[in-house]
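Have a look at this one before I ask anything.
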Amino acid sequence: MRNFPSVFKLLILSRLISAFFNPIDDCDEVFNFYEPLHKLMYGNGLQTWEYSPLFALRSYAYIVLHWLPIAFIPSSFKFIAFYALRICLSIVCAMCEAFFFRAIDKQLNSSIARNYAALSIFNVALFRSSSAFINNSFSMYTVLFAYTCWFSNALPLAVFFIAFGSLCGWIYVAVLGIPIAIDIFIRRQRYLDFIKWSLISGVITLVPLTLVDSYYYGKLVIAPLNHIGYNIFSKHGPTLYGTEPWTYYITNGLLNFNIIYPLAIIGIMLTPFIDIWTDRRYIQSGKAAIPYTMLVSSILLWMGLLWMQPHKEDRFIFPIYPLIILAASICIEQFENFIPRLVRLIKLKRDSVLYIRSLLFYSIIILHGILSISRTIAIVDGYSAPIRLLTHSNTTRTFELEGDRHLNICIGKDWYRFPSHFLLPQKSQLAFLRSEFRGQLPKTYSDLKNATQLKDNHFNDANKEEMDRYVNLNQCDYIIDHDSENPSELQPNYSQQSRIITSMKMIAPSKRSIFRSFYVPFLSVRSNRYTFLHLLKYTKFVDVENK
């Protein structure tokens with residue numbers, strides 16, 4: 001594996017770029033992960049209904065796990081803690097991918113491993129998921145480790161990482177362990193070993209998880225069971241937060257994987273024929289290698305599970321992102337193997353084989369890289385304004401003139417763009433102004449020591465609006481707001497009655513177009529509509545309550 005150090009360095013570089021430039025594109029990442037972490041570290045933050053002891057759907061143990069590497073950073077440098085955590089996540093992701101690359105080389109062949117490395121380094125899907133502080137990304141890391149161990153014949157560890165990823169991260173990831181279980185149970189017939197490894201892995205993970213969660217909630221809590229209970233057996237379920245048509249994951253796949261998405265589909269379809277036509281030996285044990293069909297079956301299992309659910313989200317596919325790239329890599333390798341037959345069929349010189357294979361490989365890699373970079377630039381350019389706005393305010397010491405007084409930094413229609421208290425000054429609190437949104441917003445954690453244990457009755461599991469979330473406009477010191485083309489009484493453009501401190505350009509809501517989804521020099525700027533996200537100093541007295 002002479003290429004391993006080079007691949008690892010390139011992956012580290014690619015993922016570190018993500019740590020610094022990847023925008024937060026899902027408010028769930030902020031309110032269900034960054035905010036509880038900020039509460040545990042610095043004493044204040046926003047609490048969602050899922051962290052209420054009445055429901056206890058989320059795990060504080062998962063938050064504590066991410067607290068450990070940045071626990072030494074004081075509150076005066078908390079915006080550094082934000083980036084430090086993203087750097088840690090990016091490095092862990094790069095390590096997982098690098099070892100997965102090595103396992104592919106060992107279990108499959110160097111050609112598929114080369115394809116995987118070349119495709120993953122620039123892939124926009126991995127750029128977006130690698131540094132995200134969200135359980136879906138954590139599950140992707142653990143699946144990568146589990147499949148690396150499976151490919152390397154370290155079966156006890158493969159079982160452990162599936163258990164760890166599903167219990168500590170996202171319970172549904174257990175589905176991705178089915179191919180591993182079938183391999184151990186049916187192909188290897190190690191029934192007792194599998195049961196033993198599963199029980200040990202479950203105990204090692206679930207016991208500390210339950211102890212930590214029960215401590216923070218003040219009662220016995222097994223968060224994964226509560227999560228399943230709500231999503232599957234409750235009368236509400238996740239459909240409260242929107243539904244999407246069956247085509248959602250097709251469009252999403254094309255945006256995140258562009259030309260290699262159809263290649264991955266072809267790769268999955270080819271795997272049964274590969275298993276029939278090829279004779280592979282497993283290097284370590286002498287047993288037959290894991291069938292290709294079994295390797296990619298997890299994609300079908302996962303997508304089948306997601307397609308059945310009316311509530312669909314981009315982040316739900318995170319755990320199988322690397323497996324999609326693996327399926328595309330298998331497809332490319334099969335195309336390359338077909339080239340010698342094609343050359344003989346059309347009676348070209350044998351010297352043409354190497355040339356055509358190189359042309360095919362580099363054409364796919366370069367086209368995929370260009371489209372991925374174009375998509376990445378479009379995302380960073382259009383959606384990173386919230387992080388850039390508050391990072392700029394921290395680095396330029398915008399709030400220092402306020403001294404040590406407490407600040408209310410308010411947000412209205414842009415509530416879902418808030419990038420967390422990590423990017424606000426020390427003595428400050430986010431407050432919500434009422435807008436047209438009629439769902440349930442997070443609530444400020446209590447200042448009491450047992451804040452995580454309080455059974456506040458102002459939470460519900462039906463996404464109904466709670467009126468105690470809002471403040472009056474006159475209570476605001478600063479406002480985060482963007483200029484809208486269609487202001488209303490509840491959603492005015494606050495920049496018209498406030499002093500603009502800092503502004504960042506961001507893309508305005510509009511119909512999706514190719515130039516909005518992919519950045520094309522000159523054409524994207526001309527085609528897209530932009531607005532500005534402002535940090536405003538509120539100075540005007542308004543004798544009207546925020547209705």
| Are His38 and Lys78 close enough that a side-chain donor and a side-chain acceptor fall under 3.5 Å? |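 Checked: His38/Lys78 side chains pair up, N/O donor to acceptor below 3.5 Å.
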| Arg114 NZ/CZ over Phe361 ring centroid, <6.0 Å and within 45° of normal |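 Verdict for Phe361: a cation-pi partner in Arg114.
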| Check: Tyr249 ring centroid to Phe316 ring centroid under 6.0 Å |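 Ring-ring flag for Tyr249/Phe316: false, centres at least 6.0 Å apart.
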| Taking only residues two or more places apart in sequence, or in another chain, which ones meet His482 in a side-chain hydrogen bond (donor to acceptor under 3.5 Å, both in side chains)? |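 Listed in chain order: Asp414.
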| task | Kindly write out the residues that satisfy ring-ring contact (aromatic ring centres under 6.0 Å, His included) with Tyr147, not counting sequence neighbours, or none if the list is empty. | result |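 So Tyr147 forms a ring-ring contact (aromatic ring centres under 6.0 Å, His included) with Trp150.
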| Geometric cation-pi criterion Lys505 and Tyr530, 6.0 Å radius, 45° cone |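 Ring-cation test returns yes.
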| Can you name the ring-ring contact (aromatic ring centres under 6.0 Å, His included) partners of Phe100, sequence neighbours left out? |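 In terms of ring-ring contact (aromatic ring centres under 6.0 Å, His included), with neighbours along the sequence ignored, Phe100 is linked to Tyr116, Phe151.
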| request: Check whether the ring centres of Tyr62 and His66 lie less than 6.0 Å apart, and answer yes or no. | output: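 Yes - the distance between ring centres of Tyr62 and His66 falls below the 6.0 Å cut-off.
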| field | Pairwise side-chain contact, Leu40 with Val64, heavy-atom cut-off 4.5 Å (strictly under) | value |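 Sidechains of Val64 and Leu40: in contact.
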| For the residue pair Phe79 and Phe82, is the inter-centroid distance of their aromatic rings smaller than 6.0 Å? |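 Phe79 vs Phe82: aromatic centres not under 6.0 Å.
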| Counting only N and O atoms by type, is there a donor-acceptor contact under 3.5 Å from the side chain of Ser120 to the main-chain atoms of Ala117? |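 Side chain of Ser120 to backbone of Ala117, a donor-acceptor pair under 3.5 Å: yes, one is there.
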| query | Quick one: are Thr376 and Phe21 in side-chain contact, heavy atoms under 4.5 Å? | reply |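 The answer is no, as the side chains (C-beta and beyond) never meet within the 4.5 Å cut-off.
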| message | Ignoring hydrogens and geometry beyond distance, is a side-chain donor-acceptor pair present between Asn115 and Glu333 at under 3.5 Å? | response |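 There is no such pair between these side chains.
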| request: Give the minimum heavy-atom separation between Ser130 and Tyr141, together with the two atoms involved. | output: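 Looking at all heavy atoms of both residues, the closest pair is O-OH, 2.5 Å.
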| query | Taking 4.0 angstrom as the limit, do Arg58 and Asp28 come out as a salt bridge? | reply |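 A salt bridge is present here (some side-chain N lies under 4.0 Å from a carboxylate O).
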| said: Taking the ring of Phe257 and the ring of His368, is the distance between their centroids below 6.0 Å? | reply: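 No: the rings miss the under 6.0 Å criterion.
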| said: Let me confirm one number: the CD1-OH distance from Ile112 to Tyr292, rounded to the nearest 0.5 Å. | reply: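 So the gap between those two atoms works out to 3.5 Å.
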| Electrostatic pair Arg15-Glu97, nearest N-O below 4.0 angstrom |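 Yes, Arg15 and Glu97 are salt-bridged.
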